[in-house]
Amino acid sequence: MVQCWYMDDRKEDPQDDHLLEEIDTTTLCDRTGVEVWYFHPDQIRPDNESPSLIKLKKDRGYTYEDEIKVDPSMENYEAKLKTFFSEHLHSDEEIRLILEGSGFFDVRDREDKWMRIHVFAGDLIILPAGMYHRFIPDKHNFIRARRLFVGEPIWTPINRPDGDAHPCREVYVEHLHHNDKNGIEKHVLEPIS
Ligand code: KMT
């Protein structure tokens, strides 16, 4: 199940934890719009998907899926890590269901502070379109995840500050502002079913 914290600003090894202050997933969602679910690892196998995962995919229109594995055997590993770890946003949600291993998704909160989300097998994480973030493996250097998407996937990262001018950024910032004023009602941490 995910663990989240505010990061310290030490510049040393980014694969260290950089733990400053732990936070819960409600706070994470409130301050960033990131949503997380947890499924028992037995219930994310394609032949045994939990009804709540099937429902989630149907409700949100996730019609595309494939897999990504990030480990040192990956072609152009160092270059890929550099791309993943450059602060960027996407024009669409980034959805990852972790199948094996672990890693860090770092996301900016509404005050531009880094929050770190440590993901493990069974975690499903949805990063909203227009939110700056980055990814790096943890010290185990291994993660395998299912990537979900609505329709034909677009994986293009838009690095900071170029993302500032993208229409999805304005929508995201407005959405966070709205939640700030009105309170957020989403966020579901799925019980094991
Ligand atoms: C991305 O686009 O940043 C990634 O897919 C990171 C690896 S997913 C575990």
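In listed order, ligands and their atoms are each counted from 1.
- Within the 4.0 Å heavy-atom criterion, the part of E94 lying near ligand 1 is the side chain and not the backbone.
- The hydrophobic clustering, which links ILVMFWY residues whose side-chain heavy atoms are closer than 4.5 Å, places Y62 and Y64 apart.
- Here is the list of ligand 1 atoms found below 4.0 Å of a heavy atom in R96: 1 (C), 2 (O), 4 (C), 5 (O), 8 (S).
- The ring pair (Phe, Tyr, Trp, His ring centres under 6.0 Å) search around F149 returns W155, not counting sequence neighbours.
- Looking at I68 against ligand 1, only its side chain comes within 4.0 Å, counting heavy atoms.
- In terms of hydrophobic clustering, with Ile, Leu, Val, Met, Phe, Trp and Tyr side chains grouped at heavy-atom distances under 4.5 Å, M131 and F104 are assigned to different clusters.
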Which donor-acceptor pairs under 3.5 Å do side chains of residues 81-89 form with protein atoms, sequence neighbours excluded?
unit_1, atom_1, unit_2, atom_2, d
T83, OG1, A79, O, 3.1
S86, OG, K82, O, 2.7
E87, OE1, R108, NH2, 3.0
E87, OE2, R108, NE, 2.8
E87, OE2, R160, NH1, 2.7
H88, ND1, S86, O, 2.6
H88, NE2, H90, NE2, 3.2
H88, NE2, H133, NE2, 3.2

